[in-house]
Amino acid sequence: MELLAAAFSAACAVDHDSSTSESDTRDSAAGHLPGSESSSTPGNGTTPEECPALTDSPTTLTEALQMIHPIPADSWRNLIEQIGLLYQEYRDKSTLQEIETRRQQDAEIQSNSDESQAGEDTPEEEEEEEEEELASPPERRALPQICLLSNPHSRFNLWQDLPEIQSSGILDILQPEEVKLQEAMFELVTSEASYYKSLNLLVSHFMENERLKKILHPSEAHILFSNVLDVMAVSERFLLELEHRMEENIVISDVCDIVYRYAADHFSVYITYVSNQTYQERTYKQLLQEKAAFRELIAQLELDPKCKGLPFSSFLILPFQRITRLKLLVQNILKRVEERSDREGTALDAHKELEMVVKACNEGVRKMSRTEQMISIQKKMEFKIKSVPIISHSRWLLKQGELQQMSGPKTSRTLRTKKLFREIYLFLFNDLLVICRQIPGDKYQVFDSAPRGLLRVEELEDQGQTLANVFILRLLENADDREATYMLKASSQSEMKRWMTSLAPNRRTKFVSFTSRLLDCPQVQCVHPYVAQQPDELTLELADILNILEKTEDGWIFGERLHDQERGWFPSSMTEEILNPKIRSQNLKECFRVHKMEDPQRSQNKDRRKLGSRNRQ
């Protein structure tokens with residue numbers, strides 16, 4: 001409550017511009033309540049003249065808090081019940097709103113920058129520019145609008161739109177940054193309510209359907225629904241505590257302390273559920289193919305108005321979507337809390353615990369699928385050289401595929417021969433490269449290998465069409481304990497870049513990564529979701545922000561996602577570039593702050609130890 005106390009003392013001396021405050025708050029795109037029908041009147045509410053209780057300025061935090069009253073429990077229950085959107089709908093609309101907000105900010109700042117530059121031009125230059133504009137169309141097109149957001153029925157309501165907030169006059173007292181923080185915390189609570197509503201529908205409408213119970217064998221039902229009852233029970237208790245916190249005061253004190261406690265003590269149920277995802281997906285596909293009664297019943301249940309046209313599969317993946325989204329909501333809060341405050345400490349703690357849960361969920365999914373994949377690859381390999389054990393708990397596949405090997409040594413004059421290249425097949429694991437030739441029977445004959453750490457790559461200079469997309473791969477120590485060199489040709493520029501990036505991950509990219517801590521870097525935001533098709537690709541969610549590390553001319557980007565530093569390739573058509581350097585810099589600064597995980601006290605102790613060491617020397 002430190003910022004709130006400061007806001008009370010400062011508010012009476014500063015006359016805020018209501019229209020600016022309202023615009024800033026709504027542009028923050030945080031704290032949306034989906035689906036309720038409450039009024040969307042301007043955010044400033046009543047003026048001090050209309051609210052006699054605020055005519056005398058509060059001089060202390062205690063006096064200020066006496067002017068704020070709790071919202072009755074019934075009001076919050078009604079608020080939660082009025083949420084009309086299922087979580088899938090809420091999540092899509094929320095992320096689309098984030099995208100549109102960034103577009104508007106990017107366009108607005110870019111426009112202001114262009115205007116300021118134009119104002120510095122001489123009259124002669126301005127006339128020349130006008131003539132050029134008349135002669136040619138503008139390069140930067142108008143930003144496309146998302147139709148869903150222009151629909152009045154899809155409008156989000158904010159914390160500041162609540163009748164209790166409007167009538168209290170509190171919006172005349174709080175600083176704009178505190179209002180944005182309230183919205184961020186409000187969104188976490190209302191989105192949890194929407195999520196619980198969707199979970200409840202999964203259980204009551206699908207899992208507990210009597211006809212479905214008769215169709216499914218108990219083992220099939222267990223794999224399909226896993227421990228969803230445990231997940232729903234935790235969500236219910238979590239939501240209840242969040243509601244109780246909001247009932248204490250119309251100005252929310254904090255929610256991250258509750259998030260931290262649940263992430264540390266109760267969210268392990270998410271790990272169990274998500275780790276089952278591989279078997280869940282396989283079982284669902286088998287049931288659709290092999291049991292006509294199951295397929296027909298699911299189609300019938302999906303048509304129920306309760307499901308709002310959403311497929312059964314979208315309900316099954318709810319827990320994984322929620323735990324990842326919850327981490328992003330805490331990040332949103334963390335960006336807005338005052339630095340070095342108690343609320344920043346609890347937000348950092350909550351974020352750290354959620355990161356651990358999300359990481360465990362991802363590892364659980366990968367472990368299941370990787371083990372089966374490694375067994376399958378091992379069965380297909382025949383070793384011409386000394387056999388290398390493929391299956392290992394610490395090994396997984398990074399990339400596989402066919403490349404063309406240049407026949408003969410690099411210096412030989414083989415360019416005129418008919419068979420310049422011959423096919424080879426590479427299996428690249430996180431710690432090992434295996435080089436094979438494909439043989440009949442869907443088998444692979446291994447003729448060389450090397451530890452991944454002993455690989456080096458080099459791109460050839462442009463040497464004409466024949467050697468286009470060719471690169472050199474060096475094995476510093478191969479299966480025969482010798483250095484070996486391969487000249488390899490890829491099918492496209494992007495495929496060549498992708499192989500080079502995977503084979504030598506520490507190779508310098510065109511642009512710097514997040515870890516360099518530079519305050520500007522080419523960035524994109526995801527405007528179309530993308531599901532990775534290969535191990536070296538990155539699955540993108542709407543509104544993800546990514547640093548560009550490498551680009552190809554045929555439309556692929558190697559990027560690093562800011563919120564979790566995951567790297568991978570994706571089509572550039574799934575994203576749009578953030579053009580304004582101020583927005584890019586702000587994104588990076590916020591990311592640096594979110595990942596400032598080291599405790600300041602611990603850092604001070606380290607400094608003292610270093611100083612003591614120097615003194616002893």
Quiz item: So among V189, L242, L188, which one has a side-chain contact (heavy atoms from CB on, under 4.5 Å) with I258?
Solution: L242
Quiz prompt | Candidates V524, T575, V527 - the one meeting side-chain contact (heavy atoms from CB on, under 4.5 Å) with L540 | solution = T575
Self-check item: Intermediate values then yes/no, salt bridge (charged side-chain N to carboxylate O under 4.0 Å, His left out), E353 and R261
Solution: CA-CA 9 Å; E353 287 296 329; R261 185 155 37 83; over 6 Å; no
Practice problem: Determine, step by step, whether L328 and Q331 satisfy the side-chain contact (heavy atoms from CB on, under 4.5 Å) criterion, reporting the C-alpha distance in whole Å, the side-chain angles of both residues, the deciding distance to 0.1 Å, and the verdict. | Solution: CA-CA 5 Å; L328 297 180; Q331 284 186 5; 3.8 Å; yes
Roughly how far apart are [X] [atom1] and [Y] [atom2], rounded to 0.5 Å?
X    : Y    : atom1 : atom2 : answer
L538 : L546 : CG    : CG    : 6.5 Å
H351 : L326 : NE2   : CG    : 10.5 Å
I298 : F312 : CD1   : CZ    : 4.5 Å
L224 : L316 : CG    : CG    : 5.5 Å
L432 : S392 : CG    : OG    : 10.0 Å
E382 : C436 : CD    : SG    : 10.5 Å

Contact between [X] and [Y] at the side-chain level, heavy atoms closer than 4.5 Å - yes or no?
X    : Y    : result
I99  : R103 : yes
H244 : E248 : no
W556 : E495 : no
N547 : L562 : yes
Q182 : R336 : no
V330 : C256 : yes
V446 : V388 : no
L202 : M207 : no

Could you check whether atom [atom1] of [X] has more than 12 heavy atoms from other residues, nucleotides or ligands sitting under 6.0 Å from it?
X    : atom1 : answer
K384 : NZ    : no
K367 : NZ    : no
K306 : NZ    : no

Main-chain N/O of [Y] paired to [X] side chain as donor or acceptor, under 3.5 Å:
X    : Y    : result
E208 : H205 : no
S275 : T272 : no
Q533 : V531 : yes
Q166 : Q160 : yes
N430 : S394 : yes
R395 : I391 : no
S194 : Y87  : yes
R295 : L288 : yes
W159 : I250 : yes
N227 : D230 : no

Determine the minimum heavy-atom distance between [X] and [Y], stating which atoms define it.
X    : Y    : answer
R322 : L329 : NH1-CD1, 3.6 Å
R245 : S253 : CD-OG, 3.5 Å
S502 : K399 : OG-CD, 3.8 Å
E577 : K551 : OE1-NZ, 4.3 Å
C307 : L86  : O-CD1, 3.9 Å
A543 : E98  : CB-OE1, 3.7 Å

Quiz prompt | Step-by-step side-chain contact (heavy atoms from CB on, under 4.5 Å) determination, V434 to Y444 | solution = CA-CA 10 Å; V434 177; Y444 299 91; over 6 Å; no
Quiz item: Are F238 and Y196 close enough that their ring centres sit under 6.0 Å apart?
Solution: no
Quiz item: Do R366's NZ or CZ and the ring of W396 fall within the cation-pi criteria of under 6.0 Å and 45°?
Solution: no
Between [X] and [Y], a side-chain donor and acceptor under 3.5 Å:
X    : Y    : result
D554 : S494 : yes
D254 : T346 : yes
Q277 : E281 : yes
Q321 : Y195 : no

Quiz item: Angle class for the F315/F206 ring planes (parallel below 30°, perpendicular above 60°, tilted otherwise)?
Solution: tilted
Quiz item: Any idea how Y425 and F427 line up, ring-wise: parallel (<30°), tilted (30 to 60°), or perpendicular (>60°)?
Solution: tilted
Could you check whether [X] pairs with [Y] (Lys NZ or Arg NE/NH1/NH2 to Asp/Glu carboxylate O, under 4.0 Å)?
X    : Y    : answer
R325 : E192 : no
E183 : K180 : no
E210 : K214 : no
K352 : E355 : no
D544 : R561 : yes

Practice problem: Could you please spell out the steps behind the side-chain contact (heavy atoms from CB on, under 4.5 Å) verdict for K497 and F558? | Solution: CA-CA 9 Å; K497 293 279 189 184; F558 182 57; over 6 Å; no
Quiz item: Taking it one step at a time, do L287 and L216 satisfy side-chain contact (heavy atoms from CB on, under 4.5 Å)?
Solution: CA-CA 9 Å; L287 288 170; L216 294 177; 3.6 Å; yes
